[in-house]
Amino acid sequence: MAMQAARRTNVRLPPEVNRILYVRNLPYKITTEELYDIFGKYGAIRQIRLGTGAETKGTAFVVYEDIFDAKNACEHLSGFNVCNRYLVVLYYQPTKMNKGRDLQKKKQQIDDMKKKYGVETPERK
């Protein structure tokens, strides 16, 4: 165990690697306990959040205690078959996740400002 920890300190990980995994393409009927069984094989899990809303169904966030366990799980479980569905396991990147939401928000702000100041611009096609 000490040898493993010594090796880990010298490893340089890519910047996108972190402890939080974003899992897509999950079966709708999967339970949190089943996710703990699948992802728990790769290390200690701090938390699992399963999507329950209309837009988040079939997705989950898995938070590991250790970044190397998350890296190992991501490498091994991406493409893993669960109930005839292949999992898509990615590292959680908040900047990319919120990009679409931010774009809509900015468009709305621009439209509000146009109305406020009476500016008309031709529509692009």
Side-chain angles (χ1 to χ4, degrees):
M1 189 68 141
M3 184 63 149
Q4 228 178 11
R7 257 190 291 154
R8 288 181 174 182
T9 57
N10 296 333
V11 175
R12 186 159 174 95
L13 295 172
E16 72 271 3
V17 176
N18 65 44
R19 297 179 318 123
I20 305 171
L21 299 179
Y22 175 61
V23 185
R24 294 186 351 212
N25 205 29
L26 286 167
Y28 287 173
K29 294 181 180 180
I30 198 162
T31 64
T32 307
E33 290 78 24
E34 291 170 326
L35 285 175
Y36 270 104
D37 289 343
I38 294 168
F39 286 88
K41 294 176 183 173
Y42 296 95
I45 295 173
R46 178 172 288 185
Q47 182 181 74
I48 291 182
R49 292 287 178 116
L50 192 57
T52 55
E55 290 183 15
T56 60
K57 216 159 185 51
T59 64
F61 290 98
V62 180
V63 182
Y64 278 92
E65 293 286 340
D66 185 39
I67 193 168
F68 291 97
D69 294 338
K71 182 178 184 293
N72 193 18
C74 186
E75 289 172 353
H76 288 95
L77 291 176
S78 192
F80 186 73
N81 191 338
V82 177
C83 298
N84 293 323
R85 297 180 71 99
Y86 293 99
L87 298 183
V88 177
V89 183
L90 306 165
Y91 295 107
Y92 173 64
Q93 296 175 339
T95 54
K96 286 187 179 180
M97 298 284 284
N98 295 329
K99 207 172 212 176
R101 226 180 289 145
D102 290 343
L103 184 62
Q104 290 293 339
K105 192 175 182 181
K106 285 184 182 185
K107 283 183 180 180
Q108 183 62 41
Q109 287 174 343
I110 290 171
D111 289 342
D112 292 344
M113 290 183 84
K114 283 180 183 179
K115 287 177 187 174
K116 182 179 178 180
Y117 295 107
V119 176
E120 294 291 326
T121 56
E123 291 291 322
R124 293 184 187 175
K125 293 184 180 181

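Numbers here are sequence positions counted from 1. If you're wondering where the values come from, they're calculated on a predicted model, not measured in any experiment.
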Working to the nearest 0.5 Å, report the span between [atom1] of [X] and [atom2] of [Y].
{"X": "Asp66", "Y": "Asn72", "atom1": "CG", "atom2": "CG", "value": "10.0 Å"}
{"X": "Arg46", "Y": "Asp69", "atom1": "CZ", "atom2": "CG", "value": "12.0 Å"}
{"X": "Thr52", "Y": "Tyr28", "atom1": "OG1", "atom2": "OH", "value": "12.5 Å"}
{"X": "Lys106", "Y": "Ile110", "atom1": "NZ", "atom2": "CD1", "value": "8.5 Å"}
{"X": "Gln109", "Y": "Lys114", "atom1": "CD", "atom2": "NZ", "value": "13.0 Å"}

- Step-by-step side-chain contact (heavy atoms from CB on, under 4.5 Å) determination, Val63 to Ile20: CA-CA 4 Å; Val63 182; Ile20 305 171; 4.1 Å; yes
- Parallel, tilted or perpendicular: which fits the ring planes of Phe61 and Tyr22, with parallel below 30° and perpendicular above 60°?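 Rings of Phe61 and Tyr22: tilted, 30 to 60°.
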- How far apart are the C-alpha atoms of His76 and Lys41, what are their side-chain angles, what is the distance that settles it, and do they pass the side-chain contact (heavy atoms from CB on, under 4.5 Å) test? CA-CA 11 Å; His76 288 95; Lys41 294 176 183 173; over 6 Å; no
- Kindly indicate, with the supporting measurements, whether the criterion side-chain contact (heavy atoms from CB on, under 4.5 Å) is fulfilled by Tyr36 and Thr32. CA-CA 6 Å; Tyr36 270 104; Thr32 307; 3.6 Å; yes
Considering all heavy atoms of both residues, which atom of [X] and which atom of [Y] are nearest to each other, and what is their separation?
{"X": "Cys74", "Y": "Val89", "value": "SG-O, 3.5 Å"}
{"X": "Arg24", "Y": "Thr59", "value": "CG-CG2, 4.2 Å"}
{"X": "Gly79", "Y": "Tyr86", "value": "O-CD2, 3.1 Å"}

- Message: Please check: side-chain N/O of Tyr64 versus main-chain N/O of Phe39, any donor-acceptor pairing under 3.5 Å?
- Response: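 Flag set: sc Tyr64 to bb Phe39 pair under 3.5 Å.
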- Query: Do the side chain of Asn18 and the main chain of Gln93 share a donor and acceptor less than 3.5 angstrom apart?
  - Reply: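 No; zero donor-acceptor contacts below 3.5 Å.
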- Task: Please check if atom NZ in Lys57 has more than 12 non-hydrogen atoms from other residues, nucleotides or ligands closer than 6.0 Å.
- Result: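 Yes, because the 6.0 Å sphere around NZ of Lys57 holds more than 12 heavy atoms from other groups.
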- Message: Within a 6.0 Å radius of atom CD on Glu55, are there more than 12 heavy atoms belonging to other residues, nucleotides or ligands?
- Response: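 At most 12 heavy atoms, drawn from other residues, nucleotides or ligands, come within 6.0 Å of this atom.
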Shared ILVMFWY cluster between [X] and [Y], side chains joined below 4.5 angstrom?
{"X": "Tyr91", "Y": "Leu13", "result": "yes"}
{"X": "Val119", "Y": "Met113", "result": "yes"}
{"X": "Val62", "Y": "Val17", "result": "yes"}

- Kindly indicate, with the supporting measurements, whether the criterion side-chain contact (heavy atoms from CB on, under 4.5 Å) is fulfilled by Leu35 and Ile45. CA-CA 10 Å; Leu35 285 175; Ile45 295 173; over 6 Å; no
- Query: Below 4.5 Å, heavy atoms only, C-beta onward: do Leu77 and Val23 meet side chain to side chain?
  - Reply: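 A side-chain contact is absent here, since even the closest heavy-atom pair is not under 4.5 Å.
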- So which of Asn25, Val82, Asn81 actually passes side-chain contact (heavy atoms from CB on, under 4.5 Å) with Leu87?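 Output: one option passes, namely Val82.
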